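Data first, discussion second: the structure below is written as structure tokens.
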Amino acid sequence: NREDSGFHLSALLLEKKIRADYVITIPRGGVPVAIVISKKLQLPLKLVFVRKLGHPINKEFAIGAVTENNLMINNDVFINNKHPEIESLIQKERKRILEMKAKFNHEYNFQEVKQKNILLVDDGIATGTCIELAIQELRKNGVKRITVATPICPFNTYQKLKNIADEIICCIVADQFSGISAYFHNFEQLTDEVVASYLNQLNGPVSQH
């Protein structure tokens, strides 16, 4: 499950002597992974709010990502044709970001992360769109170094992110990638309430694994 992957990643990060000042993760799925890492590495945990823009026909296929104030579309068809559904989708996801900010708190402050080393954690990466936009946001806010840490990433995305982040630490780089959930026994969708409860326990001890 996600917590297990957090322990595996923590071991890998310690083995590679990765140094960081903050763990930053994308809610919701990244939170359980990042909490284990933040406790194991004794680092403060913060959130960066990025939402995937799913294709109007196939929601699982990312055509871009959005933050409260930034946007990245990675499909020329939607850029050139100004697809009518895209603007409403952008507004919907921005509204969702505001809801999540209100429920979760823990948003990173740009003054805190300026000139700092960041561990950017997610529970798995597919196209890399959300992570790429998160990196853009963090760079814009003056972070010094970004190490992406994730349990699973397809080879092509891994190669792309190597050129965008300063470093990427990954338990499994998959040549044949069939979706993140294929690498987990338990990859259930997390509700806002579950994520909020995880964050409320941040100050508690990390369980032994």
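None of the values given here were measured: they were computed from a predicted structure. Just so you know, these numbers use all the heavy atoms, side chains as well, and skip hydrogens, waters and symmetry mates.
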Under a single-linkage definition using a 4.5 Å side-chain heavy-atom cutoff for Ile, Leu, Val, Met, Phe, Trp and Tyr, are [X] and [Y] assigned to the same hydrophobic cluster?
X	Y	answer
I26	L133	yes
V48	L71	no
L138	V50	yes
Y198	L43	yes

[X] side, atom [atom1]; [Y] side, atom [atom2] - distance, nearest 0.5 Å:
X	Y	atom1	atom2	answer
F177	I125	CZ	CD1	9.5 Å
L98	K103	CG	NZ	12.5 Å
Y108	I118	OH	CD1	9.0 Å
L199	F104	CG	CZ	7.0 Å

Minimal non-hydrogen separation, [X] against [Y], with atom names:
X	Y	value
Q201	K39	O-NZ, 3.2 Å
L120	A134	CD2-CB, 4.0 Å
A149	L119	CB-CD2, 4.2 Å
V66	I90	CG2-CG2, 4.1 Å
A126	P154	O-CG, 3.3 Å
N105	L47	O-CD1, 3.5 Å

Close side-chain approach of [X] to [Y], heavy-atom, < 4.5 Å:
X	Y	result
I63	I86	yes
I135	E132	no
L89	E93	yes
I131	V148	yes
Q115	K144	yes
T150	D123	no

For the pair I97 and K101, evaluate side chain to side chain contact (heavy atoms under 4.5 Å, CB included) and give the outcome as yes or no after the intermediate values. CA-CA 6 Å; I97 285 171; K101 281 185 176 186; 3.9 Å; yes
Review item, side-chain donor-acceptor pairs of residues 162-173, under 3.5 Å, at least two apart:
{"residue": "N163", "atom": "ND2", "partner": "Q159", "partner atom": "O", "Å": "3.4"}
{"residue": "D166", "atom": "OD2", "partner": "R139", "partner atom": "NH1", "Å": "3.1"}
{"residue": "D166", "atom": "OD2", "partner": "R139", "partner atom": "NH2", "Å": "3.4"}
{"residue": "D166", "atom": "OD2", "partner": "I146", "partner atom": "N", "Å": "2.7"}
{"residue": "E167", "atom": "OE1", "partner": "R145", "partner atom": "NH2", "Å": "2.9"}

Show the atom names and distances, to 0.1 Å, of all donor-acceptor pairs under 3.5 Å that link a side chain in residues 180-187 to residues at least two apart or in another chain.
{"residue": "Y183", "atom": "OH", "partner": "Q176", "partner atom": "O", "Å": "3.1"}
{"residue": "N186", "atom": "OD1", "partner": "E188", "partner atom": "N", "Å": "3.2"}

Can you list everything that forms a salt bridge (Lys or Arg N to Asp or Glu O under 4.0 Å) with [X]? Sequence neighbours excluded, please.
X	result
D122	none
K46	E112
R94	none
K140	E137

Is a donor on one side and an acceptor on the other found under 3.5 Å between the side chain of [X] and the backbone of [Y]?
X	Y	result
T25	V121	yes
D4	N1	yes
H8	G6	no

Quick one: which residue pairs count as a salt bridge (charged side-chain N to carboxylate O under 4.0 Å, His left out) with a foot in residues 172-184, not counting sequence neighbours?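 For residues 172-184, and leaving out neighbouring residues, there are no salt bridge (charged side-chain N to carboxylate O under 4.0 Å, His left out) pairs at all.
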Crowded around Q189 CD? As in, over 12 foreign heavy atoms under 6.0 Å?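 Check fails, neighbour count at 12 or below.
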Going by distance alone, is a donor N or O of one side chain under 3.5 Å from an acceptor N or O of the other, for Q91 and E87? yes
A62: which residues meet the side chain to side chain contact (heavy atoms under 4.5 Å, CB included) condition with it, sequence neighbours left out? K52, T127, T129
Review item, side-chain donor-acceptor pairs of residues 27-37, under 3.5 Å, at least two apart:
{"residue": "R28", "atom": "NE", "partner": "L190", "partner atom": "O", "Å": "3.3"}
{"residue": "R28", "atom": "NH1", "partner": "L190", "partner atom": "O", "Å": "3.1"}
{"residue": "R28", "atom": "NH1", "partner": "D192", "partner atom": "OD1", "Å": "3.2"}

What do the steps show when you test E107 against F49 for side chain to side chain contact (heavy atoms under 4.5 Å, CB included), and what is the final call? CA-CA 8 Å; E107 184 179 8; F49 291 88; 3.9 Å; yes
Who pairs with Y158 by side-chain hydrogen bond (donor to acceptor under 3.5 Å, both in side chains), at least two apart in sequence or on another chain? none
Contacts of type side-chain hydrogen bond (donor to acceptor under 3.5 Å, both in side chains), residue T157, not counting sequence neighbours: none
Show me the donor-acceptor pairs, under 3.5 Å and distance only, between side chains in residues 12-22 and residues at least two apart or in other chains.
{"residue": "D21", "atom": "OD2", "partner": "N117", "partner atom": "N", "Å": "2.7"}

E99 and R96: salt bridge (charged side-chain N to carboxylate O under 4.0 Å, His left out), yes or no, with the steps? CA-CA 5 Å; E99 290 171 359; R96 183 77 183 98; 3.3 Å; yes
